[in-house]
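Just below is one structure, and these are the notes that go with it.
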Amino acid sequence: QVQLVESGGGLVQPGGSLRLSCAASGTIFSVDRMGWYRQIPGKERELVAAITNDGSADYLDSVKGRFTITMDNAKKMVALQMDNLKPEDTAVFYCNAEVRGTWRAPAYDYWGQGTQVTVSS
């Protein structure tokens, strides 16, 4: 089994910054990709940013230039630095990881419990 533990959410004023972190633990051979999704009540969960273990990153258009995702392969951790936050960034953010339990196993998706990010004055 794999667990993802998130930290770093909270309340921040518009224009402020927050840093989210997520650590994977458990039966892990490799982590192929880690990312952050967010969800607003009544809306579908959307991909904010993701990064592969070779460093290739993708971002939601609305966060490009403001958010930066990084991954530490050895520690199996992913971080999302969020700068110049806007009220429309308010959501529950979820960590996601695509994990292989053995070298032959396919990659499975795992999710964190979610952390609230609120951008408000």
Side-chain angles (χ1 to χ4, degrees):
Q1 191 60 283
V2 173
Q3 297 80 39
L4 300 181
V5 178
E6 303 150 338
S7 61
L11 172 65
V12 65
Q13 293 186 342
S17 298
L18 281 175
R19 183 177 179 86
L20 304 182
S21 296
C22 173
S25 62
T27 305
I28 300 173
F29 173 76
S30 67
V31 180
D32 290 356
R33 179 177 178 264
M34 298 188 81
W36 291 94
Y37 289 70
R38 67 187 181 189
Q39 189 168 24
I40 301 168
K43 292 193 174 183
E44 291 189 358
R45 193 172 295 188
E46 64 178 357
L47 175 66
V48 176
I51 186 168
T52 60
N53 57 14
D54 63 359
S56 178
D58 288 313
Y59 295 91
L60 181 69
D61 283 346
S62 63
V63 308
K64 287 180 180 177
R66 301 188 297 123
F67 292 9
T68 303
I69 189 169
T70 55
M71 181 175 170
D72 185 325
N73 290 335
K75 295 182 179 179
K76 301 177 181 59
M77 295 181 63
V78 66
L80 185 68
Q81 177 65 38
M82 304 186 292
D83 298 318
N84 190 20
L85 282 159
K86 303 177 180 180
E88 52 264 41
D89 294 317
T90 296
V92 178
F93 281 68
Y94 295 90
C95 177
N96 169 264
E98 296 178 4
V99 176
R100 297 179 188 272
T102 67
W103 72 277
R104 284 187 171 187
Y108 290 99
D109 265 339
Y110 293 91
W111 294 90
Q113 77 282 2
T115 184
Q116 178 70 46
V117 170
T118 302
V119 185
S120 175
S121 55

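From a predicted model like this one, the values you see are computed outputs, not experimental measurements. One is the number of the first residue; the rest follow in order along the sequence. Only heavy atoms go into these numbers, but all of them, side chains included; no hydrogens, no water, no symmetry mates.
Tracing side-chain contacts under 4.5 Å through hydrophobic residues (I, L, V, M, F, W, Y), one reaches Leu47 starting from Tyr94; they form part of the same cluster. Residues Phe29 and Met34 do not share a hydrophobic cluster, defined by chaining ILVMFWY side chains whose heavy atoms lie under 4.5 Å apart. Linking ILVMFWY side-chain heavy atoms closer than 4.5 Å, directly or via other members, places Val99 and Leu4 in a single hydrophobic cluster. Put simply, Val63 and Leu85 are part of the same group of oily side chains (I, L, V, M, F, W, Y) that touch within less than 4.5 Å, one to the next.
The OG1 atom of Thr118 sits 13.0 Å away from atom CD of Gln13, with the distance rounded to the nearest 0.5 Å. To the nearest 0.5 Å, atoms CD (Gln81) and CG (Leu18) are separated by 8.5 Å. With values rounded to the nearest 0.5 angstrom, Thr52 atom OG1 is found 10.0 Å from Glu98 atom CD. In this structure, the separation between CG on Asp32 and CG on Asn73 is 10.0 Å, given to the nearest 0.5 Å.
Nearest heavy atoms, Pro14 versus Ser121: CD-N, 3.7 Å. Closest approach of Ile28 to Lys76, counting heavy atoms only: CG2-CE, 3.4 Å. The nearest pair of heavy atoms linking Arg33 to Ala50 is NH2-CB, 3.3 Å. For Ala49 against Tyr59, the heavy-atom pair with the smallest separation is CB-CD2, 3.6 Å. Shown here for Arg19 and Ala79, the closest heavy-atom pair between the two residues is NH2-CB, 3.4 Å. The two residues Leu20 and Gly9 make their nearest non-hydrogen contact at CD2-N, 3.6 Å.
Taking 4.5 Å as the limit, some side-chain heavy atom of Ile69 sits within range of a side-chain heavy atom of Val78. Looking only at side-chain heavy atoms (C-beta outward), Val31 and Met71 come within less than 4.5 Å of each other. The closest side-chain heavy-atom distance from Gln1 to Tyr110 is below 4.5 Å.
Ring pair Trp111/Tyr37 is perpendicular by interplanar angle, where above 60° counts as perpendicular and below 30° as parallel.
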task = Go through the steps for Thr115 and Phe93 under the test side chain to side chain contact (heavy atoms under 4.5 Å, CB included), then give the verdict.
result = CA-CA 5 Å; Thr115 184; Phe93 281 68; 4.2 Å; yes

task = Might you work through the side chain to side chain contact (heavy atoms under 4.5 Å, CB included) test for Ser17 and Val12, ending with a clear yes or no?
result = CA-CA 7 Å; Ser17 298; Val12 65; over 6 Å; no

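Looking only at distances, a side-chain donor or acceptor of Thr90 sits under 3.5 Å from a matching main-chain atom of Val119. Side chain of Asn84 to main chain of Arg66: no donor-acceptor pair is present (N/O by atom type, distance under 3.5 Å, no hydrogens or angles). Looking only at distances, no side-chain donor or acceptor of Asn96 sits under 3.5 Å from a matching main-chain atom of Gly35. Judged by distance alone, the side chain of Arg100 and the main-chain N or O of Ala105 form a donor-acceptor pair under 3.5 Å. Counting only distance, with no hydrogens or angles, the side chain of Glu6 and the backbone of Gly114 share a donor-acceptor pair below 3.5 Å.
In summary, Lys64 and Asp61 engage in a salt bridge, as defined by a charged side-chain N under 4.0 Å from a carboxylate O.
Under the side-chain hydrogen bond (donor to acceptor under 3.5 Å, both in side chains) criterion, Thr70 pairs with no residue at all, not counting sequence neighbours. By the salt bridge (Lys or Arg N to Asp or Glu O under 4.0 Å) test, Asp109 is found to be paired with no residue, residues two or more places apart in sequence or in another chain being considered.
Summarising the local packing, CD of Glu88 is surrounded by more than 12 heavy atoms from other residues, nucleotides or ligands at distances under 6.0 Å.
Partner Arg38 forms a side-chain contact (heavy atoms from CB on, under 4.5 Å) with one of Val92, Asp89, Val117 and no other, that one being Asp89.
Using a 3.5 Å distance cut-off with no hydrogens or angles, the side chains of Asp54 and Ser56 do not pair a donor with an acceptor.
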